Amino acid sequence: MPELPEVEVTRRAIAPKVLGKVIRRVENRDPERYPGIEAARGARVLDVLRRGKFLLFHLSDGSWLVFHLGMSGGFRFQETPHTRVVLELEDGALYFHDPRRFGRVWRVADPKEVPLLSRIGPEPTDPAFDAAYLYRKAKKSRRPIKAILMDQEVVAGLGNIYADEALFRAGVRPTRPGNRITKKEAERIVQAVREVLEAALKAGGSTLKDQSYRRPDEKIGYFQLSHAVYGREGKPCPVCGAPIRRTRIQGRSAHYCPSCQR
DNA sequence: ACGAGTACCTGGCAGC
DNA sequence: TGCTGCCAGGTACTCG
């Protein structure tokens, strides 16, 4: 579920609740999946950061508690049927909720110990993520441009929804091989990625039919109302009216307008 | 080395 | 209503 906007909305929602607070107790309900996180007990939370789709709690003992929400994970202010970890704070608790159990939690001395986090690419807002950079990355690959955008080592934070939406805004078909992207298109894609993520963040992220993404207070996001292509197969393109098509890239659905995206 | 396919989990929903 | 099969926001691993 959660891509960069949803993770950032989550970070902003939980930060006031945990910043400066001592973790009184860690209740780990899936110790096989999240080994050793109980050791965060007794530490104070100095900072809550986001990097791509990862959430990082910097703790007063110098260690880090790192969360990845996977497909269906999130934080809640209340217990749920799928609570996997409870962080008891001085004045309340935070619940890590994850129905599909694709989420992960690590306690590490250094974030670089988290496998993907050590290799992750620039944030979309980082000036390092520019047209020249994307063009260079795309040029050397025959993978579809959508697969390149979803590669967290290329750029951090894009998933299936926002890759589709960004490529629609950029007017580039998701199936286009990376090595057939022009410099001009790379420029448009970079711009579109930034715009779509910012708009999604402002809308509180996307909450789909299955409601798997919710804010910690259970409120939903509204960006799904602005989706131009994602989840809209057969419906009219908001720009030209042509029916949106769905295809498969790397085993996942990809949506595009056959007329606006070439 | 690259890229495609599959595995990991669980729940919701469409279709029969 | 109830069952079955399909689909899902992500990432890691294997295989050709």
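Note that this is a predicted model, so its numbers are computed, not measured. Note on naming: letters A, B, ... go to the chains in the order of the sequence lines (proteins, then strands), and numbering restarts at 1 for each one.
The interatomic distance linking A/Arg176 (CZ) with B/dG3 (P) rounds to 17 Å, in whole Å. The OH atom of A/Tyr162 sits 10 Å away from the P atom of C/dG10 (whole-angstrom rounding). Taking atom CG of residue A/Asn160 and atom C1' of nucleotide C/dC7, one finds them 12 Å apart after rounding to whole Å. Following rounding to the nearest Å, A/Arg214 (CZ) and C/dA8 (P) show an atom-to-atom distance of 21 Å. The CD1-C1' distance, from A/Ile249 to C/dG10, rounds to 16 Å in whole Å. At whole-Å resolution of the value, CD1 in A/Ile120 and P in C/dG10 are 13 Å apart. Distance A/Trp106 CH2 to C/dA12 C1': 11 Å, rounded to the nearest Å. One atom, CZ of A/Arg104, and another, P of C/dA12, lie 9 Å apart when rounded to the nearest Å.
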Anything under 3.5 Å between a donor and an acceptor, one on a side chain of residues 119-132 of chain A, the other on a protein residue two or more places apart or in another chain? List them.
unit_1, atom_1, unit_2, atom_2, d
A/Arg119, NH1, A/Glu153, OE2, 2.3
A/Glu123, OE1, A/Arg50, NH1, 2.9
A/Glu123, OE1, A/Arg50, NH2, 3.0
A/Glu123, OE2, A/Arg51, NH1, 2.9
A/Glu123, OE2, A/Gly52, N, 2.6
A/Asp126, OD1, A/Ala128, N, 2.7
A/Asp130, OD1, A/Ala132, N, 3.3
A/Asp130, OD1, A/Tyr133, N, 2.9

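Counting heavy atoms of neighbouring residues, nucleotides and ligands inside a 6.0 Å radius, atom CD of A/Glu218 exceeds 12 of them.
For A/Glu3 and A/Tyr213, the side-chain atoms include no donor-acceptor pair closer than 3.5 Å. Counting only N and O atoms by type, the side chains of A/Asp98 and A/Ser72 include a donor and acceptor under 3.5 Å apart. Looking at A/Tyr162 and A/Ser206, their side chains do bring a donor and an acceptor atom within 3.5 Å of each other.
A side-chain hydrogen bond (donor to acceptor under 3.5 Å, both in side chains) with A/Glu233 is found for one member of A/His255, A/Arg246, A/Arg245 and no other, namely A/Arg246.
Between the P atoms of B/dC9 and C/dT14, the separation comes to 15 Å (whole Å).
The side chain of A/Arg246 places no N or O atom within less than 4.0 Å of a non-bridging phosphate oxygen (OP1 or OP2) of C/dC7. At least one side-chain nitrogen or oxygen of A/His68 sits closer than 4.0 Å to the OP1 or OP2 atom of C/dT11. Under 4.0 angstrom from either OP1 or OP2 of C/dA8 there lies at least one side-chain N or O belonging to A/Ser253.
The side chain to side chain contact (heavy atoms under 4.5 Å, CB included) search around A/Tyr95 returns A/Arg76, A/Glu79, A/Thr83, A/Val86, A/Ala93, not counting sequence neighbours. Applying the side chain to side chain donor-acceptor pair (under 3.5 Å) test to A/Gln250 and every residue at least two apart in sequence or in another chain returns nothing.
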Q: At under 4.0 Å between heavy atoms, which parts of nucleotides 5-11 of chain B does protein reach? Answer with one letter per nucleotide, 5' to 3': B base, S sugar-phosphate only, - none.
A: ---BBBS
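Side-chain atoms of A/Leu65 and A/Val26, non-hydrogen and from C-beta on, never get closer than 4.5 Å to each other.
Contacts of A/Tyr230 with the nucleic acid, taken as non-hydrogen atoms under 4.0 Å apart, involve only primed sugar atoms and P, OP1 or OP2.
Within residues 140-150 of chain A, the residues approaching DNA chain B are A/Ser141, A/Arg142, A/Arg143, by heavy-atom distance under 4.0 Å.
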Q | Dot-bracket notation for DNA chain B, counting Watson-Crick and G-U pairs under 3.5 Å, with | for partners on another strand | A | .|||||||.|||||||
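A/Trp64 and A/His58 have parallel rings, their planes meeting at less than 30° on a 0 to 90° scale where 60° marks the start of perpendicular.
Two rings, from A/Phe67 and A/Phe57, have their centers less than 6.0 Å apart.
By the 4.0 Å N-to-carboxylate-O rule, A/Glu8 lies close enough to A/Arg11 to be salt-bridged with it.
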